[in-house]
Engineer: 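Supplied in structure tokens, the structure appears directly below.
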Amino acid sequence: MQADSYFSYDVIVVGGGHSGSEAAAAAANMGARTLLITMKLDAIGQMSCNPAIGGIGKGHIAREIDALGGLMGRITDRAGIQFRMLNKRKGPAVWGPRAQCDRAEYATCVREELEAIENLYMRADMVTELLAEDGRITGVRTNLGVEFKAPCVVLTTGTFSNGVIHVGEKNFGGGRMGESASRGITGCLHDMGFESGRLKTGTPPRVDGRTIDYSVMEEQPGDDDPTPFSYMTDHLPGDGQLSCWLTYTAPDVHDALREGFDRSPMFTGRIQAKGPRYCPSIEDKIDRFAEKDQHQIFIEPEGRRTHEVYVNGFSTSLPEEVQFEALRKVRGMENAHMLRPGYAIEYDFFPPYQIRYSLETKYVEGLFFAGQINGTTGYEEAAAQGLMAGINAVQKLRGAEPVVLKRSEAYIGVLIDDLVSKGTDEPYRMFTSRAEHRILLRQDNADLRLTERGYELGLASRERYERMQSKREAIQHTREALENTTVQPAQVNDYLEQVGTSPIDQGERLVRLALRPEVDTEALIRHAGLWDDVVAPAPGIENAARLVEIDLKYEGYIERQQEFIEQMEAKEAWPIPEDFDYSEVEALSKEAREKLSKVEPQNLGQASRISGVRSADVSVLMVLLKKRGIKPREDGAREAAEAAVAA
């Protein structure tokens, strides 16, 4: 690298957490000369809170990141120590893969992946100032006074921006325990016209596993036939997984915790920021749900080469002695040695009405926000934003249109649309219930939805693209075989009777039997002795028979969702000019004028999803757009758009 090029890059990424790692990898893999600046290089990719990836909704995002060519799925498969598919008792739309990871190994794997990328450079330093001219980002200045230039900068500050850690009555600056907070960026952004707020998150104590009595807890082993996160992984061993353990609090635990409420920063007012609604601290749970005499506590191993365990469900910022006394009253934890107390952390975020769907900010061209700076919580939500910000930074360099995933295409699209259109005043977490089209956005078909897009961008490899094509062909072959293969009563009747459905008295096509709710298509085909004739092999561990069965049994729901998608896409085809002055439109409700002026929606579809904007307001907008001669983008889409608005 030449001396002058040392200070000049295409893309600069600030922060090396899950968001920053994905952003840097995406930008560099797409050909941009990229600099990743983070305070500690050995903390890149660190799992600050629980050592796990995935879950309900979150697992869908992790597989989408992988399908596009991101890091998270491959690294989870490398560092995973336990794999489980959650929600298997419910429909396939809400199945969620989850992996317990080796915390140290995960960070090591992220570092290795990043160091192997040719166009990616790293620097250990703190960015304290953003540089801009005439409304465009030009680079950053670090704590050491060094200026690095780039036309695109991605900010992924996590919990470090003006972070304050709370343990009981003690508080001190920090981004996470043992690491200092970052200073300067918030003030710089204020000077540029941005509005900021404060959010709060927390973490539980860590405990020496050798001091825990697992014999009185419920074991939670991994799946015998585990599902990988990456579509590039061919096999995960079922044996050798580490178990998690389940125990419960009890009334005496709650009493011990209440003893410290008068010194709790949450209850004394020292913490003003809102925390995550769906992952509250243990003191918040026993205060809000006083009628409950127990809460679940999950004991999760931190890795293969350590005895440290994560006490999931016991997040707290109470004084350390209160934490210790209460923890030792939990069943199986009577002799627990606490390695580190739990704590809460407050940090700066920037309400996401200030960003576009591309994650580029509205006020400074070339500046992108990704991760907790936008008000989200969780590794997966952060990584997804980082990936999209990295992609769109390169798209901007290329002079190409930004990549914006629709709500009907990906959970990533739901996530970003929720942030931009609805905003958040508390840490945002993904759930399957947030997606209207979840039967289409399953965790098992993320590659079919997104890999072609990743390949076209130069992010997903050709091998990944060809594997996706092979899977698609296997599904098509298997479905056609089911439709064209006839079985006789002697082949299947004993199986049909066994599962409680009517036998057949003459030949019947397999597809008609597969549609019966009691029938497991894979078991039916195997029982009939037709597996090799019907089911085409798919790459990795994918089972074409299962994927076809889902499509068959949910076909009616899928068709209805497709109709809804067409209505929404008709609205989204109708653009709204950036200079549209909502304040002058008296026919709009006052709340709608305020919300529309703040969010500045790009189209009628986005406008319709803004909280406080009514259907009547959308109709008013449509009439005004027509008067200004603004039409839907696609030819022939006018009638569809008008019908969609009316609906």
Engineer: Might you point out which heavy atoms bring Tyr231 and Gln443 nearest each other, and give the distance in Å?
Structural biologist: OH-O, 2.6 Å
Engineer: Could Glu456 and Arg453 be called an ion pair, given the rule that one side-chain N must be under 4.0 Å from one carboxylate O?
Structural biologist: no
Engineer: To the nearest 0.5 Å, tell me how far Glu129 CD sits from Asn143 CG.
Structural biologist: 11.5 Å
Engineer: For Glu572 and Lys406, run salt bridge (Lys or Arg N to Asp or Glu O under 4.0 Å): C-alpha distance rounded to whole Å, both residues' side-chain angles, the deciding distance at 0.1 Å, then the answer.
Structural biologist: CA-CA 10 Å; Glu572 290 174 347; Lys406 300 174 184 176; 5.3 Å; no
Engineer: When you look at Asp551 and Arg479, which way does the salt bridge (Lys or Arg N to Asp or Glu O under 4.0 Å) test go after all the steps?
Structural biologist: CA-CA 10 Å; Asp551 286 338; Arg479 176 151 186 164; 5.4 Å; no
Engineer: Does Arg464 come within less than 4.0 Å of Asp66, counting only side-chain N to carboxylate O?
Structural biologist: yes
Engineer: Identify the heavy atoms of Ile565 and His437 that sit nearest to each other, and give their distance.
Structural biologist: CG1-CE1, 3.4 Å
Engineer: Strictly below 4.0 Å, N to O, side chains only: are Arg305 and Glu105 in salt-bridge contact?
Structural biologist: yes
Engineer: Output, in order, the C-alpha distance, side-chain angles, deciding distance and verdict of ring-ring contact (aromatic ring centres under 6.0 Å, His included) for Phe369 and Phe194.
Structural biologist: CA-CA 12 Å; Phe369 289 171; Phe194 290 91; 5.4 Å; yes
Engineer: Taking all non-hydrogen atoms of both residues, which atom of Gln372 and which atom of Gly158 are closest, and how far apart?
Structural biologist: OE1-CA, 3.7 Å
Engineer: CG of Asp579: more than 12 outside heavy atoms within 6.0 angstrom?
Structural biologist: yes
Engineer: Between Arg449 and Glu64, does any side-chain N to carboxylate O distance fall below 4.0 Å?
Structural biologist: yes
Engineer: Check whether any side-chain heavy atom of Pro402 lies under 4.5 Å from a side-chain heavy atom of Glu360, and answer yes or no.
Structural biologist: no
Engineer: Is Arg442 salt-bridged to Asp444, going by a charged N under 4.0 Å from an acidic O?
Structural biologist: yes
Engineer: At their closest point, which heavy atom of Ala150 faces which heavy atom of Asp10, and how far apart are they?
Structural biologist: CB-O, 3.9 Å
Engineer: Are Arg438 and Glu436 close enough for a salt bridge, meaning some N to O gap below 4.0 Å?
Structural biologist: no
Engineer: Taking the six-membered ring where the residue is Trp, are the ring centres of His18 and Tyr106 under 6.0 Å apart?
Structural biologist: yes
Engineer: Would you check if Met122 and Thr38 make a side-chain contact, meaning some heavy-atom pair closer than 4.5 Å?
Structural biologist: no
Engineer: So does Leu68 get a backbone contact from the side chain of Thr451, meaning a donor-acceptor N/O pair under 3.5 Å?
Structural biologist: no
Engineer: As an exercise, state the distance from OG of Ser21 to CG of Leu120, rounded to the nearest 0.5 Å.
Structural biologist: 9.0 Å
Engineer: To the nearest 0.5 Å, how far apart are SG in Cys101 and CZ in Phe229?
Structural biologist: 7.5 Å
Engineer: Between Asp348 and Arg183, is there a salt bridge with N-O shorter than 4.0 Å?
Structural biologist: no
Engineer: Picking from Ile412, Ile416, Thr376, Asn374, what satisfies side chain to side chain contact (heavy atoms under 4.5 Å, CB included) with Glu381?
Structural biologist: Thr376
Engineer: Is Asp102 paired with Arg304 through a side-chain N to carboxylate O contact shorter than 4.0 Å?
Structural biologist: no
Engineer: Do you know which two heavy atoms are closest between Thr478 and Ala544, and how far apart they sit?
Structural biologist: OG1-CB, 3.5 Å
Engineer: How long is the straight-line distance from CD of Glu22 back to CD1 of Ile391, given to the nearest 0.5 Å?
Structural biologist: 9.5 Å
Engineer: Look up atom CD in Glu133 and atom CG in Leu131, then write down how far apart they are to the nearest 0.5 Å.
Structural biologist: 8.5 Å
Engineer: Determine, stepwise, if the pair Arg74 / Glu113 fulfils salt bridge (Lys or Arg N to Asp or Glu O under 4.0 Å).
Structural biologist: CA-CA 10 Å; Arg74 297 197 310 276; Glu113 288 266 357; 2.8 Å; yes
Engineer: Can you measure from CG (Leu448) to CG (Leu547) and round to the nearest 0.5 angstrom?
Structural biologist: 7.5 Å
Engineer: Can you see which heavy atom on Met430 is nearest to which on Tyr428, and at what distance?
Structural biologist: CE-OH, 3.4 Å
